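None of the values given here were measured: they were computed from a predicted structure. Just so we're on the same page: letters track the sequence lines, and every chain starts at 1.
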Protein chains: 2
Amino acid sequence: MVTMGDIAKKAGVSTVTVSKALNDKEGVSDEMKRKIKQMAADMGYRFHAAAKSMRSGRTNNIVILIPERFAGDEQAFYLKFYRQIISVLESYDYYGILQILSSDDEERLMLPKAFLENRADGVIVLGQPKKEYIEHVTKENVPLVFLDFYTDQLNADVVVTDNFYAVYELTNYLISQGHREIGFVGNVHTTSSIQDRFLGMYKSLLEHRLPFNERYLVSDRDDAGRFIDLVLPEKLPTAFVCNCDHVGYLLIKKLSDSGIRVPEDCSVVGFDNDIYATLSTPPLTTVEVDLEEMAKVATKRMIEKLEGDKGSDGYGRILIKGSIVFRESVKNIQ
Amino acid sequence: MVTMGDIAKKAGVSTVTVSKALNDKEGVSDEMKRKIKQMAADMGYRFHAAAKSMRSGRTNNIVILIPERFAGDEQAFYLKFYRQIISVLESYDYYGILQILSSDDEERLMLPKAFLENRADGVIVLGQPKKEYIEHVTKENVPLVFLDFYTDQLNADVVVTDNFYAVYELTNYLISQGHREIGFVGNVHTTSSIQDRFLGMYKSLLEHRLPFNERYLVSDRDDAGRFIDLVLPEKLPTAFVCNCDHVGYLLIKKLSDSGIRVPEDCSVVGFDNDIYATLSTPPLTTVEVDLEEMAKVATKRMIEKLEGDKGSDGYGRILIKGSIVFRESVKNIQ
DNA sequence: CTGAAAGCGCTTACAG
DNA sequence: CTGAAAGCGCTTACAG
C-alpha cells in the first residue's frame, strides 16, 4: 500500500505538504502540487477513507434502510428507488449502504448495524416500518429522513409522493370526460398511500358536488395486504379509480371475463405506471411517480442535515408531484 | 460520542482492557467483561469502524459494480441479485456498496471510486462490462469475483448460472414429449448467455441425432441488444426454445396473432422464470435461475480471497444449476 | 489478569 | 511556501 508518507519521502517533502497538494489546499506552490500529483498517480496512490474519517468523524456513508417486506416485491420498486438514491449520493461524494430491516430487528427496535458501527452518518428509511420502530429511531440521535411514507412524529423529515393531489387530478380528468359515477378499488385501511389516493378522489367528487356511492368501493386485499378476489358491485359505475396498476390490471381481467369491455362499458385508471399499466389490454391511464425527484430531494435533505447549514433547521414534510400518463383505458362519455 | 477511553475512565481500567472485553478476547476476567459490556450498553457506546479499519487495513466493505446498462432493466434483475448479495455479506459481517459503472467510466477504465478511496476490500462485478474493462481491472491488484458472465481471462473467479446445461435438460424434456423439429429464438451473437443456451439445445439435438434446421433460428434483437420484430419461418417447428421468458411472451403473442395456438399447434419454452412466464397465456415452462445460490457462492469466494485461507488459492469458474419449472406451454405430441 | 507504549494514515493548528 | 507536533479511536505486542 502506498501512503502519503511514501510519496513525501520520494519527493523530498513532508506528508503535510503531500496532504495539502493532493487535497488542493493553499500553501503549496503550483509546481510542487503538480509534481506531487504526478508522483501519486505514478505510484498508484489511493486515498484512505478510514484515516480521513478518523479525523473528521464523518464517513460519507448513508444507510438506506428498507423493511424486509418491501424488499421482496416482484417489481423491486424499492430497489429501483435505492438505485436512484445512490446516484444522487455519488454526485455529492457519498455512498449508500443498503440494509434490509428484518422483522426480527424491527420488533427488537434495533438500529441498522452499519450505523451502530459508525460506518454511516445518517439513515434514510425507505418504506414504512412499524410505528414503535419509527418512534424509537426518532428518539435516538440519528440523522434521519423518511422516504415514501408518512409518520405523525413531529420532529421528522419526510419525503413522499403526492398521492392525494395526483388522484385528485386524475379524478378531475375522469369527470371532465363525462363520468359521474366513479368507484374506487382498494382497501383504504392498509397503507396511508392508499388512503390518500382514496381521499384525493373523494375531494374531486366533493368539489364537483358528486356523491360517493359506498357500493362502488371494492376491496382488493385483506388488512395484512394480501390480494383477495375482487367482488364487482351489481350495478357498475362508469369508471373505476384503482389504487395501483396491478389491481387495475386484475380489475380489467375480471371485467373482461364478465363480458364487460374496457373502456367502452367501463373506464379504469391506475397508479404507479409500472409494468402492469402497459401489459393490460387496453393499457392503463395512470399516475407516474417521480422517483428521481423524490430520491434527489430526500438525499439533499439528508446531506443538509449532516453538513449542517444550520439555517436549514427544522423539519418538513415534502410532497413530490407525480404526473398523469394518458393511455386508452378511459372513454369520453359526454 | 462515547469512546473506549470514556468507558475505561468510568470503569477505572485502561482502554486496552475495554477493547479486550468488548471484543471478547482473553485476558480479562469474566466479571470485568460483564461490567464493561454493561457500561458500554448504558453509555450508548458504538464501535468505530474507521479506527478498527486503520489498524487492520481492512474495511469489511465490498463494492458491487453493475454496468449502467444492466441497472436500468425494467425487472431490476441485477438489483435483486444485489439484494441477495448483501444478505449473504451481512451474515459474514460485511457490507455491500453498490456502484453503477457509467459507460463513461467504463470507457476510461476507471476502477470504482469506493475502491480507489480504500472504502472497500474487493469488487464483485455483476453483469458483463466491455472486454477492455475486464482486462484492465484484472491487471490491477483488486480482489475480484465476476458474477453472471464469462470472461476468457485466466486469472479470474467467475460464478455463472449453468445456461448450457439447463437448456440441454429443457430440450431433452421437449424431445421426451415427442418433439423432433425444434427451433430457437434469440440472437446468439449478443451475449455469451444466449449463446450457451443455444448450444445447450444444440447438444441435446446432437445427442438425439436430430438435425438443427437453420430456418428455425429466429432472431429477436439486433447486435446492440435492442428487440426487433420476430419473423416466423414459413414452416413452423413443433416447439420453440426461447432465450428468455420475455421473448417467449412476445413469441406467443405473435403466434396467437397468426392464429397459431400454444401449445396445441406449437410448444414454447423460455428462460428466467420472471414475470413474463406467468403473464403469458398459457404460462411458460421455463428455467429458474438460482439467484440465492449464485450470490452465496460468489460472496463466499470473495471472502475466502480476502481472508486468505491460502489453501483456497487459484481461480475457478463455478457453474450454478438452475431448475426447470413446468407449466402449460408444452404439449406431449407423442 | 491488567496496562503503558507504539502505531495505523491522515489532517489541523501552529510556527517558521 | 513548508514542516514538526499532536491527535482522531482503536488494537497489537510486550512487560509486569
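For the pair B:Val16 and B:Ala51, both in contact range of DNA chain C, the more 5′-proximal nearest nucleotide belongs to B:Val16.
Nucleic acid contact for A:Lys25: sugar-phosphate only, since backbone atoms but no base atoms lie under 4.0 Å from a heavy atom of the residue.
Under the Watson-Crick or G-U wobble criterion, with both distances below 3.5 Å, D:dG16 is paired with C:dC1.
In this structure, A:Asp6 places its CG atom 10 Å from C1' of C:dG9, rounding to the nearest Å. Distance A:Lys9 NZ to C:dC10 P: 13 Å, rounded to the nearest Å. We find that CG of B:Asn118 is positioned 10 Å from C1' of C:dG9, with the value rounded to whole Å. A straight line from CE of A:Met54 to C1' of D:dA6 spans 13 Å, rounded to a whole angstrom. Look at NZ on A:Lys20: it is 8 Å from C1' on D:dC1, rounded to the nearest Å. In this structure, the CG atom of A:Asp24 is 12 Å from the P atom of C:dT11, given to the nearest Å. For the pair A:His48 NE2 and C:dG7 P, the interatomic distance rounds to 17 Å; values are reported in whole Å. One interatomic measurement links the two molecules: CZ of A:Arg58 to C1' of C:dC10, which rounds to 16 Å at whole-angstrom precision.
For the OP1/OP2 pair of D:dC10 and a distance below 4.0 Å, the side-chain nitrogens and oxygens of B:Thr15 include no atom meeting the criterion. Of the side-chain N and O atoms in A:Lys52, none sit less than 4.0 angstrom from OP1 or OP2 of D:dC8. A close approach under 4.0 Å does occur between a side-chain nitrogen or oxygen of B:Thr17 and OP1 or OP2 of C:dG3. The phosphate of C:dT2 has neither OP1 nor OP2 within less than 4.0 Å of any side-chain N or O from B:Ser14. Between B:Lys33 and C:dC1 there is no side-chain polar atom (N or O) within less than 4.0 angstrom of OP1 or OP2. Dashed line: the shortest gap from a side-chain N or O of B:Thr3 to OP1 or OP2 of D:dC8 is not under 4.0 Å.
Of the candidates D:dT2, C:dT2, C:dG3, D:dT2 carries the atom nearest the A:Val28 side chain, counting heavy atoms from C-beta on.
At a cut-off of 3.5 Å, with distance as the only test, no side-chain donor of B:Gln75 or A:Gln75 sits close to an acceptor on the other residue. B:Tyr78 and B:Asp148 are linked by a side-chain donor-acceptor pair at a separation below 3.5 angstrom, with hydrogens and angles left out of the test.
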Pair A:Thr161-A:Lys321, side chain to side chain contact (heavy atoms under 4.5 Å, CB included): steps then yes or no: CA-CA 6 Å; A:Thr161 197; A:Lys321 270 196 65 147; over 6 Å; no

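A centroid separation of less than 6.0 Å is found between the aromatic rings of B:Phe77 and B:Phe81.
Results of the side chain to side chain contact (heavy atoms under 4.5 Å, CB included) test with B:Tyr94 over B:Val88, B:Ile62, B:Thr299 single out B:Ile62 as the only residue that passes.
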